[in-house]
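Below is one structure, written out as C-alpha cells, with a few remarks after it.
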Amino acid sequence: MELNLGIRAHDINYHTAEEIANEVANKGLSAIQLALQKSFNQLSFEKGFLNPGFAKHINKSFQNKQIDIAVLGCYINMIHPNQEDRRKALERFKEHIRFARDFNCSVVGTETGNVHAKMGYTTDNFTEKPFLAVVDSVKELVNEAEKFGVIVGIEGGVNHPVHTPELMKELVDRVDSNNLQVIFDPANYITIDNYKQQEKLFQTAVDLFGDRIVIIHAKDFIVESNQIKMVPVGEGLLDYHQIFSWVKKTKPAIHVLLENTKEPYIEASISYLKQTFEISK
C-alpha cells in the first residue's frame, strides 16, 4: 500500500480553494489539512459564518481533484486565560464540528493551548492546573462531537500542557470517549534532552496511545545552538524509517500530512518521504 501523503493547505501559497486544489494535485498529493482562517484569510470566520452551502462549495473544489480534507484545522487556545476569549474559541471549534460532515471530513483538530494569551513555550504550562483545564475543555468539545459523529483530534507537544506522551494517554483516559482521537506529530515531543532517544520516545507514544492515532504530521528538526529547531522534512534528524515501519504494520493508508514545509522544499520533502516509506520494513 502506498504512502497516503498530504499537506497543510496554508503551506501552499494560494488563497482560493481551486488554486490550492490544483497545486496540491499537481504535486501528486492526496490530502490536505484545511485551517479555514489560515487558507482563506480574506474571509471572516466569526461565529455564524459557517454553513452547509459554504462547506460543500469548498469541498467540491478538492473532491474534483480527488483530494481528501483529512483534517479540518481549528487551532484554538482552549485554556485562554481570558474566560470570554476562551468561550469564543470553544464555540468556534464546536461550529467546525457541526459542519465538518459538509466538508466531507470526520476530524476537527487542535493543539491544547497555553496558559498565556501569547502562545509559545513556557514551563507555566507544565503544572496540573492547565492540564486539568485542558481536560475540561476537551470534554466539552468531545460532547459536541458525539452529537454529530465527528472526531476531535488533539495534538500534543512540548509547547503545550499535553507535552509528553504520558500526558496524552492521561487525557485520553480522563475524557474516555471514542470521539477523542490523536493527531500525532513525533517532532512535537522532541527536546534537547531526549532527541538522541527518538526510538524509545516513539515506542512509548505508540504503546500508550497508538490505537488512537488517526493522523500523522510530518516535519523535521535539527539541533542548533543547543536548541531544537524545526526544519522541512528530510532536512533534519527525525527517524522516519521507524515511523513508517510502524505505519505499514499497524496503520496502513493513514493520512501523513506535511507540516511547516513550504516552497522551495515541498517537492524534495515529498520525494524523501516516498523513498523512505518504500525502503522501510
Side-chain angles (χ1 to χ4, degrees), residues 1-35 38-39 41 61-62 65-71 73 75 109 111 155 157-159 183-192 194-196 198-199 201-202 205 213-225 227-249 251-281:
M1 192 170 291
E2 293 184 356
L3 179 63
N4 194 3
L5 190 59
I7 192 169
R8 294 191 311 187
H10 59 277
D11 288 332
I12 299 291
N13 193 27
Y14 291 101
H15 296 289
T16 71
E18 291 82 4
E19 289 172 331
I20 296 169
N22 285 335
E23 185 71 3
V24 172
N26 288 341
K27 293 186 180 302
L29 299 172
S30 58
I32 57 164
Q33 174 169 313
L34 182 62
K38 293 182 178 181
S39 285
N41 56 18
S61 297
F62 294 104
K65 294 293 184 177
Q66 296 183 304
I67 296 165
D68 295 328
I69 301 177
V71 182
Y75 284 78
E111 295 163 335
E155 181 179 355
V158 297
N159 288 346
I183 297 172
F184 182 49
D185 187 329
N188 278 6
Y189 294 102
I190 296 291
T191 69
I192 196 65
N194 68 21
Y195 78 93
K196 293 182 179 179
Q198 280 189 66
E199 183 176 352
L201 182 66
F202 178 76
I213 295 173
V214 291
I215 299 287
I216 294 175
H217 279 170
K219 59 176 180 273
D220 216 329
F221 75 94
I222 59 173
V223 177
E224 189 174 271
S225 301
Q227 291 184 323
I228 299 297
K229 178 183 177 181
M230 296 303 167
V231 296
V233 173
E235 299 286 316
L237 303 172
L238 199 74
D239 183 3
Y240 277 98
H241 291 280
Q242 183 186 10
I243 294 167
F244 286 155
S245 293
W246 177 77
V247 165
K248 283 182 172 180
K249 294 172 184 175
K251 297 281 181 177
I254 192 172
H255 286 114
V256 177
L257 305 176
L258 283 162
E259 179 177 329
N260 284 2
T261 299
K262 300 183 178 183
E263 298 294 13
Y265 299 100
I266 293 175
E267 291 188 12
S269 292
I270 291 170
S271 296
Y272 171 79
L273 287 176
K274 287 183 175 180
Q275 291 170 9
T276 305
F277 185 81
E278 287 178 5
I279 63 177
S280 297
K281 298 179 180 179

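Reckoned from all heavy atoms, side chains included, excluding hydrogens, waters and symmetry mates. Just so it is clear, the structure is predicted and the values come from calculations on it, not from any experiment.
Scanning both residues, Leu258 and Ser269, for their nearest heavy atoms gives CD2-CB, 4.0 Å. Phe221 and Val231 make their closest contact through N-CG2, 3.8 Å (heavy atoms, listed as atom of the first residue, atom of the second, distance). The two residues Leu273 and Ala218 make their nearest non-hydrogen contact at CD1-CB, 4.2 Å. Nearest heavy atom pair, residue Ile243 against residue Pro186, reads CD1-CG, 3.6 Å. Scanning all heavy atoms of the two residues, the minimum distance from Ser280 to Phe244 falls at OG-CB, 3.6 Å. The minimum heavy-atom distance between Ile20 and Ala9, with the atom names listed, is CG2-CB, 4.0 Å.
Sparse packing is recorded around NZ of Lys196, with 12 or fewer heavy atoms of other residues, nucleotides or ligands lying under 6.0 Å away. No more than 12 heavy atoms of other residues, nucleotides or ligands shown are found within 6.0 angstrom of CG on Asn13. Residue Tyr265 qualifies as open at atom OH: its count of foreign heavy atoms under 6.0 Å is 12 or below.
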**Request:** In sequence, state the C-alpha distance, the side-chain angles, and the governing distance for Val256 and Tyr240, and then conclude on side-chain contact (heavy atoms from CB on, under 4.5 Å).
**Result:** CA-CA 11 Å; Val256 177; Tyr240 277 98; 5.8 Å; no
**Request:** Start with the C-alpha distance between Ile192 and Gln227, add both sets of side-chain angles, then the distance that settles side-chain contact (heavy atoms from CB on, under 4.5 Å), and finish with yes or no.
**Result:** CA-CA 6 Å; Ile192 196 65; Gln227 291 184 323; 5.9 Å; no
**Criterion side-chain contact (heavy atoms from CB on, under 4.5 Å) on Asp185 and Lys219, from CA distance to verdict** = CA-CA 8 Å; Asp185 187 329; Lys219 59 176 180 273; 2.4 Å; yes
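For the side-chain hydrogen bond (donor to acceptor under 3.5 Å, both in side chains) criterion with Gln33, the lone passing option out of Arg8, His217, His10, Lys38 is His217.
Although no hydrogens or angles enter the test, the distance criterion places a donor-acceptor pair under 3.5 Å between the side chain of Lys248 and the main chain of Phe277. The main-chain N or O of Glu199 is found under 3.5 Å from a side-chain atom of Gln242 such that the two form a donor-acceptor pair. Between the side chain of Thr261 and the backbone N or O of Ile266, no donor-acceptor pair lies under 3.5 Å. The main-chain N or O of Gly236 is found under 3.5 Å from a side-chain atom of Asp220 such that the two form a donor-acceptor pair. Counting only distance, with no hydrogens or angles, the side chain of Lys251 and the backbone of Ile213 share a donor-acceptor pair below 3.5 Å. The closest donor-acceptor contact from the side chain of Asp11 to the backbone of Lys262 lies at 3.5 Å or more, if one exists at all. Ser30 places a side-chain N or O within 3.5 Å of a backbone atom of Leu5 that can act as its donor or acceptor partner.
The closest side-chain heavy-atom distance from Glu235 to Tyr272 is not below 4.5 Å. Here the side chains of Ile32 and Ile12 are not in contact, with every heavy-atom distance at 4.5 Å or above. You'll find the side chain of Phe202 stays beyond 4.5 Å of the side chain of Asp239, heavy atoms only. For the pair Val71 and Leu257, the minimum side-chain heavy-atom distance is below 4.5 Å. Phe184 is not listed as a side-chain neighbour of Ile254, based on a closest heavy-atom distance of 4.5 Å or more. Within the 4.5 Å cutoff, the side chain of Asp68 has no heavy atoms near those of the Phe62 side chain. Looking only at side-chain heavy atoms (C-beta outward), Val24 and Lys65 stay at 4.5 Å or farther from each other. In this structure, the side chains of Val158 and Ile190 stay at 4.5 Å or more apart for every pair of heavy atoms.
Considering CD of Glu19 and CG of Asn22, their distance stands at 8.0 Å, rounded to 0.5 Å. Between the CD1 atom in Ile270 and the CD1 atom in Ile7 there is a gap of 6.5 Å [rounded to 0.5 Å]. Here CD1 of Ile183 is found 12.5 Å from NE2 of His255. Values are rounded to the nearest 0.5 Å.
For Lys27 and Glu23, the salt-bridge test passes: some basic side-chain N is under 4.0 Å from an acidic carboxylate O.
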